[in-house]
Every structure is written in C-alpha cells, then in structure tokens.
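Quick notes on the structure that follows.
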Amino acid sequence: MKKVQITPERAKQLEELEQFENAVLTIVVTSKQLIDEVFKKHKELNVGFTDINERIAWKKIRDGAASLDNIAFNSPYCSYDKFKKSVLMVKFMMLELIARCDDSNMRFWQFHNLLKTFKLVYPAVAPTIEDEREAFADLFGQPDK
C-alpha cells in the first residue's frame, strides 16, 4: 500500500480541526457539569420544578448533555483527563463572565476587547469578525439579521 504524503497546508488544516473539536468537547462537558449542578442545587434546597413542562424540559436537557458527554469520551482517542483542566477553567470563566457582565452588553464588549489583547493560541477556535458583529449588533445599533 502506497503511503500518502500530507502537505504542510493539509497538516495545518487537520491541526486546526482538532483544536476546534477539542474546544467543542470542552464546552459539552462544561455544559453537562453545569446542568448537573442545577439539579444538585434544586435537591439541596429541596425545591422541585413546579411546572411539569419545565421539569420535563430540564430532564431532556440533562439527558441530552449526558448523552453527548458519553459519546464524546467513549471514543478511543479522547479521554476526560485530556480535557479536565480546560473544563474547569472554561466553567469558571463562563460563570465569572455571566456573574460580572450579564446585565451589560458594554461590559461584555470591554471583556471581549481585553481578551483580544492576548496572543491567539488556537486560531481555529477564534470567533470571526462576523461572529463579533452579530454578538454586539444591538450595542452598536446594527439591525439583527
């Protein structure tokens, strides 16, 4: 069997794809952990979902996240240990961002601009200028698409 040579351009594309996949897997696991925490807090406070539809919706969300988590980390080349630190950091940053900025689009914009001053480590994961425009459209008076 003839061995195929991978061009440097193709190798770069494959590396960027892996970076993006890793980011998505990190977000999947982070989401699952946060959803589990919602249920744990409900149980700790002895508060149930009063509306049956809300309870069903949250259970579907939890089951879906658990299913994605199982699929993501039952493949032979992925392991939770590989993403454990990233998951903890992303979870912390998501909650921190919401706790400090959720009531103000301008604070999100300021935080975004601060992040842009740091060196880009994974270009494949970086949002595009279109993503930026869409996220901050209402802040700068641009109509939603």
Checklist entry - Distance from Asp63 atom CG to Lys32 atom NZ, nearest 0.5 Å? => result 10.5 Å
Item to check | Test side chain to side chain contact (heavy atoms under 4.5 Å, CB included) applied to Glu18 and Leu14, step by step | outcome: CA-CA 6 Å; Glu18 183 179 358; Leu14 295 174; over 6 Å; no
Checklist entry - Ion pair present between Glu96 and Arg100, side-chain N to carboxylate O less than 4.0 angstrom? => result yes
Checklist entry - Looking at Ala11 and Ile6, what are the two nearest heavy atoms and their distance? => result N-CG2, 3.6 Å
Checklist outcome for this item: When rounded to the nearest 0.5 Å, the distance separating OG of Ser31 from CG of Asp36 is 11.0 Å
Next on the checklist: Would a single hydrophobic cluster contain both Leu120 and Tyr122, if residues Ile, Leu, Val, Met, Phe, Trp and Tyr are joined by side-chain heavy-atom contacts under 4.5 Å?
Outcome noted: no
Checklist entry - Heavy atoms, side chains only, cut-off 4.5 Å: are Gln110 and Cys101 in contact? => result no
Checklist entry - Considering residues, nucleotides and ligands other than Glu44, do more than 12 of their heavy atoms fall under 6.0 Å from its CD? => result yes
Checklist entry - Could you go step by step and tell me if Leu97 and Phe108 meet the side chain to side chain contact (heavy atoms under 4.5 Å, CB included) rule? => result CA-CA 8 Å; Leu97 186 62; Phe108 272 116; 3.3 Å; yes
Item to check | N-O pairing of Glu132 and Lys116 below 4.0 Å | outcome: yes
Checklist entry - Is it the case that one hydrophobic cluster holds both Leu95 and Val90, taking links as side-chain heavy atoms less than 4.5 Å apart, direct or via other members? => result yes
Next on the checklist: Under the rule for ring-ring contact (aromatic ring centres under 6.0 Å, His included), what residues qualify as partners of His112, not counting sequence neighbours?
Outcome noted: Trp109, Phe136
Item to check | Approximate separation, where rounding is to 0.5 Å, of Leu139 CG and Arg107 CZ | outcome: 12.5 Å
Item to check | Stepwise salt bridge (charged side-chain N to carboxylate O under 4.0 Å, His left out) test for Lys12 and Glu16 | outcome: CA-CA 6 Å; Lys12 184 179 181 217; Glu16 288 178 352; 3.7 Å; yes
Checklist entry - At their closest point, which heavy atom of Asp138 faces which heavy atom of Ala135, and how far apart are they? => result OD1-O, 4.1 Å
Next on the checklist: Using modelled atom types and a 3.5 Å cut-off, is there a donor and acceptor pairing between side-chain atoms of His42 and backbone atoms of Gly48?
Outcome noted: no
Next on the checklist: Rounded at 0.5 Å granularity, tell me how far CD in Glu54 sits from CD1 in Ile56.
Outcome noted: 11.0 Å
Checklist entry - Is Phe111 reachable from Met106 through a run of I, L, V, M, F, W or Y residues, each pair having side-chain heavy atoms under 4.5 Å apart? => result yes
Checklist outcome for this item: Taken to the nearest 0.5 Å, the spacing of Gln33 CD from Lys40 NZ works out to 11.0 Å
Checklist entry - Looking at Thr26, Ile27, Val29, Thr30, which hits side-chain contact (heavy atoms from CB on, under 4.5 Å) with Lys91? => result Thr30
Item to check | Within 6.0 angstrom of Phe49 CZ, more than 12 heavy atoms from elsewhere | outcome: yes
Next on the checklist: When you measure from the side chain of Thr117 to the backbone of Leu114, do you find a donor-acceptor pair of N or O atoms at a distance under 3.5 Å?
Outcome noted: yes
Checklist entry - Does atom CZ of Phe20 have more than 12 heavy-atom neighbours from other groups under 6.0 Å away? => result no
Item to check | From CZ (Arg133) to CZ (Phe140), nearest 0.5 Å | outcome: 11.5 Å
Next on the checklist: Is there a continuous path of hydrophobic side-chain contacts, each under 4.5 Å between heavy atoms, that joins Val87 to Leu34?
Outcome noted: no
Next on the checklist: For a quick check under 3.5 Å, do Asp131 and Thr128 share a side-chain donor-acceptor pair by atom type?
Outcome noted: yes
